[in-house]
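What follows is a single structure, written as structure tokens, with notes after it.
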Amino acid sequence: MDERPPLTKEEKLELARRVFREYFAQCFWSWNPEVELRAEHLPLIIRGLRLHGGHAGYRLVEQLCR
């Protein structure tokens, strides 16, 4: 069981921005690559990772959803 504390909103957004760059070709290819990610984009980032991110994407979703 993971005992790490949940991420803050700022940490989640920072992680989402990193994930967007790293998984752009795999998960977010239909997005504008210059998009300014905001908190309201988090559900879309999570959905993209769940659908196209493979096992590593699911692990990242776990962090984003805590």
Side-chain angles (χ1 to χ4, degrees):
M1 187 168 197
D2 195 355
E3 298 296 326
R4 292 179 289 182
L7 298 177
T8 65
K9 288 181 182 181
E10 293 80 20
E11 290 171 328
K12 286 181 183 182
L13 193 52
E14 182 179 325
L15 176 58
R17 288 177 176 148
R18 181 177 57 86
V19 163
F20 182 79
R21 288 188 307 272
E22 291 178 14
Y23 285 79
F24 181 80
Q26 184 175 345
C27 301
F28 309 110
W29 49 267
S30 65
W31 290 42
N32 176 355
E34 302 298 322
V35 67
E36 175 80 28
L37 290 179
R38 299 183 305 267
E40 57 263 21
H41 292 115
L42 285 175
L44 299 171
I45 298 293
I46 290 167
R47 182 175 186 273
L49 286 170
R50 282 185 174 151
L51 290 174
H52 307 292
H55 181 73
Y58 263 79
R59 299 293 302 257
L60 291 165
V61 166
E62 177 187 3
Q63 292 179 48
L64 290 170
C65 289
R66 283 193 286 138

So, using side-chain hydrogen bond (donor to acceptor under 3.5 Å, both in side chains) as the criterion, who are the partners of Glu11 when residues are at least two apart?
Thr8

Glu14: what forms a side-chain hydrogen bond (donor to acceptor under 3.5 Å, both in side chains) with it, not counting sequence neighbours?
none

Would you compute the distance between atom CZ of Phe28 and atom CD1 of Ile45 and round it to the nearest 0.5 angstrom?
4.0 Å

Counting distance only, does the side-chain N/O of Arg50 pair as donor-acceptor with the main-chain N or O of Gly57 below 3.5 Å?
no

What distance separates His52 NE2 from Arg47 CZ, expressed to the nearest 0.5 Å?
7.0 Å

Transitively linked via ILVMFWY side-chain contacts under 4.5 Å: Leu13 with Val19?
no

Suppose the criterion is salt bridge (Lys or Arg N to Asp or Glu O under 4.0 Å): which pairs have a residue in residues 19-30, not counting sequence neighbours?
Arg18-Glu22

Got a sec, which hydrophobics cluster with Leu51, joining ILVMFWY side chains under 4.5 Å apart, including via others?
none

Restricting to side-chain hydrogen bond (donor to acceptor under 3.5 Å, both in side chains), what partner residues turn up for Arg59, sequence neighbours left out?
none

For Tyr58, the other hydrophobic cluster members (4.5 Å side-chain criterion, sorted by chain and number) are none

Tell me, please, which residues at least two apart from Phe24 pass ring pair (Phe, Tyr, Trp, His ring centres under 6.0 Å).
Phe20

Applying side-chain contact (heavy atoms from CB on, under 4.5 Å), can you list everything that pairs with Leu42, at least two apart in sequence or on another chain?
Lys12, Ala16, Leu64

Please report the closest heavy-atom contact between Arg66 and Arg4, naming both atoms and the distance.
NH1-O, 3.0 Å

Minimal non-hydrogen separation, Gly48 against Cys27, with atom names
O-SG, 3.7 Å

Side-chain polar contacts of residues 29-38 - donor-acceptor pairs under 3.5 angstrom, sequence neighbours left out - could you list them?
residue	atom	partner	partner atom	Å
Asn32	OD1	Glu34	N	2.8
Arg38	NE	Glu40	OE2	2.5
Arg38	NH2	Glu40	OE2	3.0

